[in-house]
Amino acid sequence: MKVAFVGKGGSGKTTVSSLFIRHLAAERLPVVAIDADINQHLGAALGLSDDEVAGVPPLGGHLDVIKEYLRGDNPRIASAAAMVKTTPPGRGSKLLRVGGADPVHAMSLSVRGVRFMAAGQFDEGDLGVSCYHGKTGAVEMYLNHLVDGPGEYVVVDMTAGADTFASGLFTRFDVMFLVVEPTRKGIAVYRQYTDYAADFGVTIAVVGNKVQTADDVAFLREHVGDALLTCVGFQPAVRAMEQGRPFDIGTLDGSAREVLRLLQRTVDAQPKDWERFSRQAAEFHVKNAESWANQAAGTDVTEQIDPDFRLGPDALIPA
Ligand SMILES: Nc1ncnc2c1ncn2[C@@H]1O[C@H](COP(=O)(O)OP(=O)(O)O)[C@@H](O)[C@H]1O
Ligand SMILES: [Mg+2]
């Protein structure tokens, strides 16, 4: 299952996604964690040392390797250079399994049951950039080629930025958790997301964070309505970790642990829609072809779309 945590900077995306990832790992479930936030802090939030994080090759710095592998012997993709971030898989493409033994997952670090990968450091300037180089482009390619099943999780800590919408990255997830603080700014980001995502059938569940009082909950309920899934309060265990003390998920308060179980149940209850996944991959690829990719690649990249291919478990069976 493909899961994203999005929200305004500082809302708690990294914190809540790291808690969810730790919860899945504690349940001994396979989980790949990907840091695609503008500030790369997920590794630290998962308890990795600076040296460990520094040792993880950034996906965004190895686009050539990723493209060369994923295109496999797909006849519609002549070269790695002709592959753009939205190029969908087709017959001949290499597909990925969660945590598989492939050159993409090789760019990860396994610690305490979590497979950690990172997009690489980027800044606001990278976000609007269409191009081949966008750091989140590597994550998009990864997701576009990944055949995941129930009980397998890829959790992406992501920025709520323009790039996410422009490329279609936000349609690559089974569930998107929008982390919202009980403030007017938090609500504004919520509106922006739901307005945009409504047309695409994306499942968005709001997770209130840094919620302190019943008034905070009422505020979120008033503005978000039924989209409000649950709320996380201030977690002393998170603060303690940031003060350098070891973190133990067992020390989270009972309600926080229950919140994490609820997030998991929400993901588990979400039916896989491979038809939508493939259709929207093609739609956004056409959109990108027209806006920049054809010009950048010097060829009509819409010809890369394989009309008879649909990603999903069946695509893993050799023809
Ligand atoms: N529920 C929480 N309890 C305690 N501290 C929190 C909580 N959520 C976020 N924080 C703190 O708030 C700050 C911003 O959170 P962070 O997860 O880095 O936000 P984002 O990734 O959305 O920018 C961090 O210092 C983090 O530790
Ligand atoms: Mg963050």
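Numbering of ligands and ligand atoms starts at 1, following listing order. Side-chain atoms are counted along with the backbone in the values below, which use heavy atoms only and exclude waters and symmetry mates.
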Over-ring placement of Lys2 relative to Phe277, 6.0 Å and 45° cut-offs
yes
Is the shortest side-chain heavy-atom distance between Ile66 and Tyr142 below 4.5 Å?
no
Under the side chain to side chain contact (heavy atoms under 4.5 Å, CB included) test against Pro182, which residue among Val217, Val224, Leu220 passes?
Leu220
One checks the Mg ion (ligand 2) and counts protein N, O or S atoms under 2.8 Å, reaching 2
Within 45 degrees of the axis of the six-membered ring of Phe234 and under 6.0 Å from its centre: does Arg239 put its NZ or CZ there?
no
Side chains of Arg172 and Asn144, donor plus acceptor under 3.5 Å
yes
Gly47 backbone acceptor or donor facing Arg112 side chain under 3.5 Å:
yes
Can a donor-acceptor pair be found between the side chains of Asp268 and Gln264 at a distance below 3.5 Å?
yes
Could you tell me if the ring centre of Phe200 sits under 6.0 Å from that of Phe284?
yes
What residues sit with at least one heavy atom under 4.0 Å from ligand 1?
Lys8, Gly9, Gly10, Ser11, Gly12, Lys13, Thr14, Thr15, Asp37, Asn209, Lys210, Val232, Gly233, Phe234, Gln235, Val238, Glu242
As a test of understanding, state which of Met141, Glu283, Glu140 forms a side chain to side chain contact (heavy atoms under 4.5 Å, CB included) with Thr86.
Glu140
